[in-house]
Novice: 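This is the structure, below, for whatever I ask next.
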Amino acid sequence: MPIHEKSLIRPENLEVHEHLEIEGVDVSGHWSTFIGSRVVADYNEAMEEEIAALPGGEYIHRCWQCGSCTNSCTVNALNPDFNPRYWIYLIRMGMESELLRDKDIIWQCVSCHKCTHVCPRDVVPEGVMKATSHWLELKGHTPKSHSMIFDEVFSEQVFETGKIEDGRVIKRFFKRTGQALAQPWMVDMVKGMLRNLPLGLLTRMGLATLVAPRTKDWGDARAAIEEYVAEREEHNRKALGLDELIQSARTEI
Amino acid sequence: MTKPILIVGGGPAGLAAAHSLATFGQACILVEKEDRLGGAPILEGYAKLVPSGEWAKDAIGGMVDRAANHELVDVRTGTTVSSFSGEVGNFTAGLSNGDSLDVSAAILCTGFTHFDSANKPEWGFGTFPDVVTTSQVEQMISSGQGVRCPSDGRKPQRVAILLCVGSRDRQIGREWCSKICCTVSANMAMEIREELPDCHVYIYYMDIRTFGLYETKYYWKSQEEFKVKYIKARIAEVTSDGEKLIVKGEDTLVKRPITIPFDMVVHAIGMDPNVDNKDLSAVFGVDLEPHGYIGKANSYSATGLTNRTGVFVAGAATGPETIDDSIAQAKAAAMAALEQRQLAARLVS
């Protein structure tokens, strides 16, 4: 193999047997090194459609691979492996296993939207990154991210009461992510509040934390929101074939 | 009354030249080697034309009627020119049927010949029935039959269009870009998606040259509205696993080899010089340019000149050309011929 292609060999594709005998010949050690095939054997045509079905992914099919997104990317400047152009291509052609190699960095998009402004085809790569992170979570490839858990805690409370009470959001978030509430910075912040805030405001804040007030006549709004959320979730489940996925996982177990 | 002008070739260029000359009162004789007029769009059975979207049989058919029905146009189909002598204003053309014509000038509108895919055997044409050319798909669409796999008549679920088949390929002595295949392929991909919405269409390209305003109407639209996929890969080989066609190559953007199954593979065949160009060159005494097309003189003073005074050239005879530009060139060549007639008349008086 020409030397310039050595960089294309991935360590996980190298297979070496300490002890191996083939038809009576001992080929133990590096003699028996095999290189797994890199050949792309098919396109998964569902993948682009799945990600396009999630909010932000709608315009992925416009991409013509100019690389402006990657060139302008804030995160790419810090980590050259963060390559939106490349991921968009993998998604469009349905090269799932290749995309999954980067599943633990795709969520690192900081939503600066430089790519959105520079993209000549209005692909909105930032939205695609968001949709892709979402897709990875829904498909179970990555655990729920802290930011997703925070969003859930936050919106749950809005749906319940029509109001946001920061203390309760933080309490629930820490609990659900398995973090201690009494973190040093938190203790400092509460101490500072007790020292500096007027007594009346403190009393009201304390009461709100305890009794969780609701917006008046919130019931109808809540029902409408919940209906919409259920619709969206149903849509996502269908688009990603999650029910079938769960079903097949159950059968396997 | 001046002598008629000889027009060789009854495709879009020849028809346009004939109509222009006749409109200005200039008699002409239109010689066509096939038994009917219309050129490649009619003889090859093209479907909808780029960029008008009109059916070829309507658009070019209209040109045929307009030219053939004109009293100053004398049409000779199934005929070729076998000799051509004399000088400007005073030529004698001998036809294959034995006729001899006195003409004042000639306009060569002899067009091109589609690349024969059999010359790229590694891409499976002639070996696998479901490997077809863009001309064949045009015929499937224009005949109303629809896009079907020739092997068993099924609707394809996945189609690959390979660009630059017989273009930009020094291996087979064809260095030119055939100019129209990218746009025609993008248009065809949309037509396939329109007829068969469940069929995925992939275009394998080296570069995309949907030049000028075709960018929006074909390249962008095919992706934005029809979700056609473009893959930068020059295909190495088309084989078969017994059921499906297997397209092998390298996806250059992921630096990985690909072996992808397809139901149908379409060769976007390029435009070769007309196979008759050597004969035409000998008969009319015109030089061919290095690729084998009819050589054009520079076009700053007059358009459509060859190296022989009184012999003009227009359209795809001079190199890969669009239908629109072939028509424009033919009108320009007709104008150049009329200018020459005017000049000669002034000299005489």
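The structure presented is a predicted model; accordingly, all values stated were derived computationally and were not measured.
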Novice: Around A:Trp107, counting heavy atoms of other residues, nucleotides and ligands shown, do more than 12 lie under 6.0 Å from its CH2?
Specialist: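 No, the 6.0 Å shell around CH2 holds no more than 12 heavy atoms from other groups.
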Novice: For the residue pair B:Pro261 and A:Ala41, what are the closest heavy atoms and their distance?
Specialist: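 Scanning both residues completely, I find the closest heavy atoms to be CD-O, 3.5 Å.
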Novice: Are A:Val39 and B:Arg256 packed together at the side-chain level, in the sense that at least one heavy-atom pair is separated by less than 4.5 angstrom?
Specialist: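 No - every pair of side-chain heavy atoms lies 4.5 Å or more apart.
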Novice: If you draw the axis of the six-membered ring of B:Trp220, does the NZ or CZ of A:Arg62 fall within 45° of it and under 6.0 Å from the ring centre?
Specialist: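 No - A:Arg62 does not lie over the ring of B:Trp220 by the 6.0 Å and 45° rule.
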Novice: Below 4.5 Å from any heavy atom of chain A, which atoms of B:Ile231 appear? Answer side chain, backbone, both or neither.
Specialist: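 Both backbone and side chain.
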Novice: Side chain, backbone, both or neither: which part of A:Glu49 has a heavy atom under 4.5 Å from chain B?
Specialist: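 Interface part for A:Glu49: side chain.
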Novice: How many angstroms lie between atom NZ of B:Lys227 and atom CD of A:Glu45, to the nearest 0.5 angstrom?
Specialist: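 Taking NZ in B:Lys227 and CD in A:Glu45, the distance rounds to 12.5 Å.
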Novice: Spell out, as yes or no, whether a donor-acceptor pair under 3.5 Å connects the side chain of A:Arg38 to the backbone of B:Lys255.
Specialist: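 Between the backbone of B:Lys255 and the side chain of A:Arg38 there is a qualifying donor-acceptor contact (under 3.5 Å).
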Novice: Can you tell me how far CE of A:Met93 sits from CG of B:Leu253, rounded to the nearest 0.5 angstrom?
Specialist: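 Reported to 0.5 Å precision, the distance equals 8.5 Å.
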Novice: Hey, does B:Thr259 have a side-chain heavy atom less than 4.5 Å from the side chain of A:Val40?
Specialist: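 When only atoms from C-beta onward are counted, B:Thr259 and A:Val40 do not touch, as no gap falls below 4.5 Å.
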Novice: Could you tell me whether A:Glu12 atom CD has more than 12 heavy atoms of other residues or ligands within 6.0 Å of it?
Specialist: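 Result for CD/A:Glu12: enclosed.
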Novice: Looking at A:Ile22, I'd like to know if its CD1 atom is crowded, meaning that more than 12 non-hydrogen atoms belonging to other residues, nucleotides or ligands lie closer than 6.0 Å.
Specialist: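 Yes, because the 6.0 Å sphere around CD1 of A:Ile22 holds more than 12 heavy atoms from other groups.
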Novice: More than 12 foreign heavy atoms under 6.0 Å from NZ of B:Lys244: is that the case here?
Specialist: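 Count over threshold, so yes.
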Novice: Check this for me, if you would: do B:Arg158 and A:Asp42 make a salt bridge, where the nitrogen-to-carboxylate-oxygen distance has to be below 4.0 angstrom?
Specialist: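 Looking at A:Asp42 together with B:Arg158, the answer is yes, because their closest N to O distance falls below 4.0 Å.
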Novice: For A:Glu98 and B:Val254, what are the C-alpha separation, side-chain angles and deciding distance, and is it a side chain to side chain contact (heavy atoms under 4.5 Å, CB included)?
Specialist: CA-CA 10 Å; A:Glu98 198 69 19; B:Val254 294; 5.7 Å; no
Novice: Please give me the minimum heavy-atom distance between B:Asp251 and A:Met95, naming the atom from each residue.
Specialist: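 In terms of heavy atoms, the two residues are closest at OD2-CE, 3.6 Å.
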Novice: Check B:Lys229 with A:Glu48, please: is the shortest side-chain N to carboxylate O separation under 4.0 Å?
Specialist: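 Salt bridge flag = yes for B:Lys229 with A:Glu48.
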Novice: Could you look at A:Tyr86 and say if it's the side chain, the backbone, both or neither that has a heavy atom under 4.5 Å from chain B?
Specialist: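 Side chain of A:Tyr86 only, per the 4.5 Å heavy-atom cut-off to chain B.
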Novice: Report yes if the side chains of B:His200 and A:Tyr43 come closer than 4.5 Å at any heavy-atom pair, otherwise no.
Specialist: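 The answer is no, as the side chains (C-beta and beyond) never meet within the 4.5 Å cut-off.
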Novice: Can you measure from NZ (B:Lys232) to OH (A:Tyr89) and round to the nearest 0.5 angstrom?
Specialist: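 So the NZ of B:Lys232 and the OH of A:Tyr89 are separated by 10.5 Å.
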Novice: Just checking A:Gln179: does its CD atom have more than 12 heavy atoms from other residues, nucleotides or ligands closer to it than 6.0 angstrom?
Specialist: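 Yes.
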Novice: Counting only heavy atoms not in B:Gln145 (residues, nucleotides, ligands), do more than 12 fall under 6.0 Å from its CD?
Specialist: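 Atom CD in B:Gln145 is packed in, count exceeds 12.
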Novice: Flag yes if more than 12 heavy atoms outside A:Tyr59 fall under 6.0 Å of its OH atom; otherwise flag no.
Specialist: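 Not buried by this count: 12 neighbours or fewer within 6.0 Å.
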Novice: Considering residues, nucleotides and ligands other than A:Gln157, do more than 12 of their heavy atoms fall under 6.0 Å from its CD?
Specialist: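 For A:Gln157, atom CD is crowded (more than 12 foreign heavy atoms under 6.0 Å).
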